[in-house]
Amino acid sequence: MKLSVQLAPKNKRDLLLANPVMTASGTFGYGTEYSHLFDIQRLGAIVCKGTTLKPREGNPQPRLAETASGVLNSIGLQNIGVKAVIKEKAPIWAGWRVPVIVNIVGESVEDYAQLAGELDGAAGISGLEVNIGCPNIKAGGAEFGINPDSAAEVTAAVKASTSLPVLVKLTPNTPDIAEVARAAAGAGADAISLINTLRGMVIDIARRRPLLGNIFGGLSGPAIKPIALYMVYTVAGAVNVPVIGCGGITTSSDALEFIMAGASAIQVGTANFANPRAPLDVLEGIEQFMEKEGIKNIAELIGVGRQ
Ligand SMILES: Cc1cc2nc3c(=O)[nH]c(=O)nc-3n(C[C@H](O)[C@H](O)[C@H](O)COP(=O)(O)O)c2cc1C
């Protein structure tokens with residue numbers, strides 16, 4: 001059975017995954033936290049926590065709220081910063097079979113370019129995932145990813161600063177996600193991943209105020225799956241680079257839906273909090289499905305559900 005997928009076919013450094021199951025940024029730490037729980041080397045790829053130029057403390061508590069069928073988070077990109085990632089984490093990853101992709105976040109186009117440049121030569125890093133769902137501070141705080149022009153600008157700046165495969169991760173908080181995807185692909189993205197969280201909030205009626213310290217948060221988990229699937233289907237029809245699906249994937253059936261919608265790979269996020277083995281369960285379920293259905297190559301399933 002062939003499960004391998006190529007996520008950067010146009011890049012000299014390519015990004016060949018042994019299978020299509022990845023972990024979603026911010027839900028699997030740096031991978032090291034999970035290595036005692038199961039054989040993480042069996043995964044297709046690990047995407048680490050969003051990384052900024054300087055270490056960040058994140059938003060005020062509380063930063064997580066459970067909702068019906070999902071989770072609202074306002075972690076605020078707490079992370080150790082790019083220098084520590086290169087010095088402390090990349091040397092560990094260099095000894096791993098599973099490729100690690102570093103998720104990067106900036107407050108300006110220059111931040112993204114600098115992050116990409118600093119991570120370029122580090123052994124142990126197989127690719128970058130550019131989180132464009134964060135505010136462009138210089139341009140008044142609107143998210144880079146809501147606008148095709150700023151999405152293209154960030155993508156081009158990152159591509160100019162690295163030879164690593166570049167995944168651009170889209171935010172659903174935009175009126176026309178296919179247009180943003182086309183802009184990122186046109187600016188050189190090797191692959192497109194989607195979706196990030198949907199903006200939401202919870203009010204604590206006893207305290208008569210927003211529950212999250214940051215007032216608003218990002219919704220993830222099963223609640224967002226149909227929206228994510230719709231967006232993946234739409235984007236897969238709009239670009240000619242690989243698409244990576246993410247949003248509410250908890251089981252192998254969920255993952256297969258995204259693959260049939262056109263995703264070459266998928267990411268498991270919030271499901272990791274309830275079941276840290278979730279990515280492995282998803283992988284084993286995909287393998288069982290393929291065996292049962294007599295499918296020899298995962299490529300036979302990619303986009304098969306498209307009309
Ligand atoms: C606690 C938490 C932290 C996250 N941190 C990041 C992050 O640092 N960078 C990023 O691009 N996405 C981040 N995400 C978004 C996830 O990677 C994923 O896109 C989203 O949660 C939807 O997938 P899911 O429903 O499977 O969780 C985070 C999500 C959660 C729940």
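Source: prediction; values computed, not measured.
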Leu53 side, atom CG; Leu115 side, atom CG - distance, nearest 0.5 Å: 4.0 Å

Ion pair check, Glu88 and Lys83, cut-off under 4.0 Å: no

ILVMFWY cluster, Tyr230 and Phe258 together (side-chain gap under 4.5 Å): yes

Side-chain donor or acceptor of Thr67 paired with backbone N/O of Gly70 under 3.5 Å: yes

Thr51 and Glu118: CA distance, side-chain angles, deciding distance, side-chain contact (heavy atoms from CB on, under 4.5 Å) verdict: CA-CA 12 Å; Thr51 300; Glu118 289 192 23; over 6 Å; no

Single-linkage hydrophobic cluster Leu167~Val100, side-chain heavy atoms < 4.5 angstrom: yes

Contact summary for Ala65 and Val202, nearest pair of heavy atoms: CB-CG2, 4.3 Å

Backbone of Val282 reached by a side-chain donor or acceptor of Ser252 within 3.5 Å: no

Taking every non-hydrogen atom, the tightest pair across Ala181 and Leu170: CB-CD1, 3.7 Å

Check: Ser74/Asn214 side-chain N/O donor and acceptor closer than 3.5 Å: no

Residues, nucleotides or ligands: over 12 heavy atoms within 6.0 Å of Glu291 CD: no

Over 12 non-hydrogen atoms of neighbours within 6.0 angstrom of CZ in Arg208: no

Side-chain donor/acceptor of Asp176 to backbone N/O of Glu179, under 3.5 Å: yes

Shared hydrophobic cluster for Ile244 and Leu16 (ILVMFWY, side-chain gaps under 4.5 Å): no

Counterpart residues, ring-ring contact (aromatic ring centres under 6.0 Å, His included), relative to Tyr112 (two or more places apart): Phe144

Separation of Leu229 CG from Thr234 OG1 (nearest 0.5 Å): 9.0 Å

Connected hydrophobic set around Ile203, excluding itself, where side chains approach under 4.5 Å: Met201, Ile215, Phe216

Basic-acidic side-chain contact under 4.0 Å: Lys10, Asp190: no

Any donor-acceptor N/O pair, Asp14 side chain to Leu7 backbone, under 3.5 Å: no

Distance, nearest 0.5 Å, that separates CD1 of Ile249 from CE of Met22: 11.0 Å

Donor on one side chain, acceptor on other, Ser220 and Thr197, under 3.5 Å: no

Heavy-atom closest pair, residues Arg13 and Pro165: CB-CD, 4.1 Å

Backbone of Gly248 reached by a side-chain donor or acceptor of Thr250 within 3.5 Å: yes

Nearest heavy atoms of Ala255 and Ile286, plus distance in Å: CB-CD1, 4.0 Å

Short side-chain to backbone donor-acceptor contact, Arg97 and Gln41, under 3.5 Å: yes

Glu284 atom CD, over 12 foreign heavy atoms within 6.0 Å: yes

Reported CG-to-CZ distance for the pair Leu64 and Phe273, which is rounded to 0.5 angstrom: 6.5 Å

Tyr233 versus Gln307, closest heavy-atom pair with distance: OH-N, 2.8 Å

Verify same cluster id: Leu3, Leu17 (apolar side-chain graph, 4.5 Å): yes

Backbone of Tyr30 reached by a side-chain donor or acceptor of Trp93 within 3.5 Å: yes

4.5 Å side-chain heavy-atom contact, Ile86 and Leu119: yes

Gln78 and its side-chain hydrogen bond (donor to acceptor under 3.5 Å, both in side chains) partner, picked from Lys49, Arg63, Glu57: Arg63

Residue pair Val232 / Ala263: nearest heavy atoms and the distance that separates them: CG1-CB, 4.1 Å

Exercise: do Ser108 and Asn136 side chains pair donor with acceptor under 3.5 Å: no

By side-chain hydrogen bond (donor to acceptor under 3.5 Å, both in side chains) - contacts of Ser193 (at least two apart): Glu129

Main-chain N/O of Gly133 paired with Asn196 side-chain donor or acceptor, under 3.5 Å: no

Atom pair NZ/CG of Lys169 and Asn103 - distance to nearest 0.5 Å: 6.0 Å

Residues Glu107 and Arg56 bridged, charged N to O under 4.0 Å: yes

From CD1 (Ile101) to CG (Leu164), nearest 0.5 Å: 10.0 Å

Flag for Thr27-Asn272: side-chain donor and acceptor within less than 3.5 Å: yes

